[in-house]
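For reference, the structure is listed below as structure tokens.
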Amino acid sequence: MSFESIIAQIKTLHADQDFTPLHAPCFSGNEQAYLADTIETTFVSSVGAYVDRFEKEIATYTHTRKAAAVANGTVALQVALRLAGVTEGTEVITQALTFVATANAIAYNHASPVFIDVDRDTMGMSPAALSDFLEANSELREDGCYNRSTGKKIAACMPMHTFGFMCRIDEIVAICDKWQVAVVEDAAEALGSTYKGQSAGSFGLMGAFSFNGNKIITSGGGGAVVSAQEGLAERAKYLTTTAKVPHRWEYVHDELGYNFRMPNLNAALACAQLERIEEIKEAKRVLLKDYQQICSDESVCLKPVPEDTDWNHWLIAVELDHLEERNRFLQETNDAGVMTRPIWKLLSGLPMYKDCQRDDLQNSTWLEERIVNIPSSVKV
Ligand SMILES: *Cc1c(COP(=O)(O)O)cnc(C)c1O
């Protein structure tokens with residue numbers, strides 16, 4: 001059976017006859033005004049009122065104590081991991097089914113990822129796989145959890161909330177508490193999602209968000225580190241601001257810091273976008289309803305929202321019957337100008353991560369062969 005009818009309906013739904021992008025941003029609020037303001041005041045660079053405002057608002061929105069705005073989501077993860085105690089020669093447990101930045105942030109800290117499986121319904125880290133891995137491979141010593149097969153310290157665990165679906169984060173945190181492993185949430189895709197009523201990014205020791213152009217709201221490029229624990233987001237701000245000791249004129253830097261700040265220009269865009277996040281989420285909820293009509297009688301199944309997730313509806317996913325169907329769907333949609341993309345290839349297969357420890361990754365492989373994202377933009 002051809003996907004012709006579905007493709008026609010997707011085009012109609014998005015009212016884009018020539019090309020339907022996967023996820024385009026929408027700037028119909030205060031974006032222009034705030035950007036113009038940064039130019040008028042000349043505060044376009046690394047300090048400014050919009051940076052301060054955005055940091056306050058992200059913390060409030062996610063119910064965390066404090067946020068540090070940074071240059072992108074990848075460096076947000078990198079810094080959060082460093083603050084969680086990830087150092088050279090340590091390991092970080094994460095999922096194989098995620099965007100490459102998750103593992104790269106681990107490698108930038110000179111640590112190694114350990115790849116474990118996801119659940120089929122959430123597409124995020126499986127608490128059962130995590131628990132099994134730790135029971136089989138690790139031991140608690142005085143200063144924390146060690147991997148018996150490699151002899152390395154397991155310094156952190158970094159689950160990811162795929163497409164804004166929440167993984168079973170409460171169970172993951174409980175398992176990690178038992179094994180004294182710090183949790184850093186890769187919440188890059190999950191701003192605005194909640195799990196059992198609690199915000200993505202607020203469960204772990206720290207959480208990281210991305211405001212890249214394709215995310216639910218964008219600052220052009222940008223990210224944030226949030227923490228519910230006192231002092232950590234402040235430390236993130238310090239490290240990402242070249243670890244400069246406050247002084248009216250002297251340049252004193254007392255540890256190895258980074259220039260990972262979010263410019264005020266980007267923060268201006270971010271503030272305007274955050275004002276409209278609930279509107280964007282609502283429009284996406286309506287879009288999902290429309291997709292439910294389109295996909296009802298087909299072999300293209302919408303991925304159901306897991307029970308405990310209040311979803312931000314960031315990127316809508318469908319599940320095809322098997323790999324050949326997935327490939328045919330990708331071919332036909334993209335040929336017709338409807339942009340679709342497969343879920344990521346497992347990171348455990350990439351050249352730089354092929355020697356990293358992993359479990360059987362059964363569900364990850366199953367999803368890798370079936371999941372495709374469909375156009376999820378809204379115009380609000
Ligand atoms: C987008 C994304 C990132 C990285 O964010 P950037 O802002 O692009 O650096 C990290 N992890 C996941 C899961 C993402 O989707």
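Remember, predicted model here, so these are calculated numbers, not experimental data. Start at 1 and go down the list; that is how both ligands and their atoms are numbered.
With sequence neighbours left out, Phe3 forms a ring-ring contact (aromatic ring centres under 6.0 Å, His included) with Phe329.
The protein heavy-atom contact nearest to atom 4 (C) of ligand 1 is Thr74 OG1, 3.6 Å. Residue, atom and distance of the protein heavy atom nearest to atom 15 (O) of ligand 1 are Glu189 OE2, 2.5 Å. The protein heavy-atom contact nearest to atom 5 (O) of ligand 1 is Ser210 OG, 3.2 Å.
A donor and an acceptor atom, one from each side chain of Glu185 and His161, are located under 3.5 Å apart. For the residue pair Asn334/Thr340, the side-chain donor-acceptor check at 3.5 Å is satisfied.
The shortest N or O to N or O distance between Gly73 and ligand 1 is below 3.5 Å.
Listed by number with element, the atoms of ligand 1 under 4.0 angstrom from any heavy atom of Ala188 are 2 (C), 3 (C), 10 (C), 11 (N), 12 (C), 14 (C). In summary, the atoms of ligand 1 found under 4.0 Å from a heavy atom of Met160, numbered by their order in the structure, are 13 (C).
Remark: the backbone N or O of Pro306 is not paired with any side-chain donor or acceptor of Trp311 at under 3.5 angstrom.
For the residues Asn104, Asn72, Asp186, the heavy atom positioned nearest atom 11 (N) of ligand 1 is part of Asp186.
Between Tyr353 and Ser348 the shortest side-chain heavy-atom distance does not fall below 4.5 Å.
Ring to ring, Phe54 and Phe211 are close: their centroids are under 6.0 angstrom apart.
In this structure, Lys215 counts as a contact residue of ligand 1, since one of its heavy atoms falls inside 4.0 Å of the ligand. Put simply, part of Gly222 is less than 4.0 Å from ligand 1, judged by heavy atoms.
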Before you tell me yes or no, could you show the steps for Ser5 and Gln9 under side chain to side chain donor-acceptor pair (under 3.5 Å), namely the whole-Å CA-CA distance, both residues' side-chain angles and the distance that decides it to 0.1 Å? CA-CA 6 Å; Ser5 138; Gln9 291 180 74; 3.2 Å; yes
